[in-house]
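Note that the structure is predicted; figures quoted are calculated from it, not measured. Every number for a ligand or one of its atoms is a count from 1 in the order of the listing.
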Amino acid sequence: MNKKLFALLSILVVAAFAITACGGAATEAPAATEAPAMGESVEVFSWWTGGGEAAGLEAMQGVFAGSNPEIEFVNAAVAGGAGTNARAVLATRLQAGDPPDSWQGHAGQELIGTYVAGGQIEPLNDLYESEGWLAVMPETLIPLISNDGNIYSVPVNIHRANVLWYNPSVLTANNLAVPTTMDEWFAAMDTLKAAGVQPLAVGEQWTKMHLFETVLLGSLGSDAYNGLWDGSTDWASADVKAALDNYAKVLTYANSDSSSLSWQDAAQLVINGDAAFNVMGDWAEGYFRELGKAPNTDYGWAATPGSGGVFQFLSDSFVLAVGAPHPDAATAWLKVAGSKAGQEAFNPVKGSICARTDCDPALFGVYLQSAMSDWSSNIVVGSLTHGVVANDSWKTEIDTALGLFIADSNVEGFQTALAAACASSGPCK
Ligand code: GAL
């Protein structure tokens, strides 16, 4: 087992249950072997509608069509980065008893604390057994998608959240090296500001939460960052206050129209040379490649300042709905989502690395090859914005506090609200 990811697992409230190669406790699994009826369809719900994401899904859909020509693939994607809109639509549908057959969910607390807790998704142990997935999925990911001995989703990828994207020409023109610490970053952004260059591109609120989690990590380090999610780091401490001060300062370098920009808009400012830096997950790379941009020329990357050697991860996975209208077709889809062919088609386009451990690295570009190497050698911690470390209720409280902070810039008030959120929804009892 990767010892570093083990450290992450130990902080999660997820019941990290040891699953045996036989799939653990016997729970009736979907009829994996039954052929779907002619003319059947499968509705797959996600938020992948553009910017490299739709193209990745389409590539996997192509593999599905190849092996399941009789099943119509109904793409029920709802636009909006990080699923902010899609998850609200999904919640309404689930409440109304109208689930899509399969939907996108993040490994970790989002999956376990929401869909499993709500009895909304089926265990997939038998599918793991029939497809041999326990031998090819990282064994350390399995506890993040498991509860009480049942496995609940099929991970399609691993994304990295703590990536600092930059425009190499803008840095060169201003004689700047890529910053590796918060202080170096501030100094570089001061230089850029003085030169009349937009230092940092930021988008709508969820991208600010994404930026926030990377600044927490870069300011506190991986152990104290992990401690935020298991109660061992005090949200009211001076160290957290210093991290929040850093975050407040980072925001002073951001574009003033951030709230009206999508993540693609913000990332594009860097590609166009209209801003020097953007902090975004590596789906941005899928977008850059879709725009025909070249790695190391049109865009460069580094771990966000202060987080070198740490991989802040998230994983997209697909589930089988309880009461799925087309369970056999949904099972056929999940088989493709977990397959080598499906993941090799999807990930190089999406800008992520395979969840499976046996994909061919030669299919991936230079950025993703570097991500593969970091994933296997870095300390691994989980993402807040993308569902790993906090359940929905805690994340919503943090988001509310963040929204107020963005409006009033009051660091003390922000810290008090974050400490209160940990006490009411998190482990800080
Ligand atoms: C994340 C998701 C990524 C990507 C991103 C931006 O939550 O895990 O796959 O879609 O949102 O939309």
Side-chain angles (χ1 to χ4, degrees), residues 44-61 75-91 102-111 113-115 141 144-145 153-163 165 201-214 261-268 278-290 311-319 337 342-343 345-355 367-368 371 375 382-392 395-396 398-399:
V44 176
F45 187 97
S46 77
W47 53 86
W48 294 333
T49 58
E53 317 212 297
L57 180 59
E58 230 168 76
M60 194 152 49
Q61 190 183 332
N75 182 349
V78 173
T84 38
N85 304 331
R87 294 203 58 215
V89 171
L90 178 64
S102 180
W103 65 84
Q104 174 190 0
H106 288 124
Q109 284 298 302
E110 179 180 310
L111 193 87
T114 310
Y115 308 128
L141 198 56
L144 298 178
I145 54 173
S153 74
V154 181
V156 290
N157 67 5
I158 303 291
H159 265 306
R160 185 175 196 168
N162 60 322
V163 188
W165 303 101
V202 180
E204 59 188 307
Q205 184 160 326
W206 76 262
T207 76
K208 295 187 178 105
M209 183 188 279
H210 187 113
L211 177 63
F212 177 51
E213 70 182 48
T214 67
L261 301 190
S262 67
W263 69 263
Q264 289 98 333
D265 296 333
Q268 191 146 20
N278 173 237
V279 170
M280 189 40 57
D282 45 14
W283 45 90
E285 220 255 337
Y287 181 47
F288 297 155
R289 291 169 73 97
E290 187 175 81
F311 193 113
Q312 194 172 29
F313 100 104
L314 57 119
S315 172
D316 293 305
S317 68
F318 281 88
V319 304
Q343 298 204 4
F346 171 71
N347 285 296
V349 182
K350 176 68 166 65
S352 42
I353 60 175
C354 291
Y367 166 74
L368 287 174
W375 167 246
S383 165
L384 162 68
T385 314
H386 309 283
V388 184
V389 293
N391 63 18
D392 277 4
K395 188 178 139 187
T396 301
I398 294 174
D399 195 39

Between Asn162 and Thr214: side-chain donor-acceptor atoms closer than 3.5 Å: no
Trp206 side chain to Gly81 backbone, donor-acceptor under 3.5 Å: yes
Partner set under ring pair (Phe, Tyr, Trp, His ring centres under 6.0 Å) for His159, not counting sequence neighbours: Trp283
Protein residues having a heavy atom less than 4.0 Å from any atom of ligand 1: Trp47, Trp48, Glu53, Gly81, Ala82, His106, His159, Trp263, Trp283, Leu314, Asp316, Lys350, His386
Side chains of Lys350 and Asp316 in contact at under 4.5 Å (non-hydrogen atoms): yes
Separation of Glu213 CD from Lys395 NZ (nearest 0.5 Å): 9.0 Å
Contact check, side chains of Val202 and Trp263, non-hydrogen atoms, under 4.5 Å: no
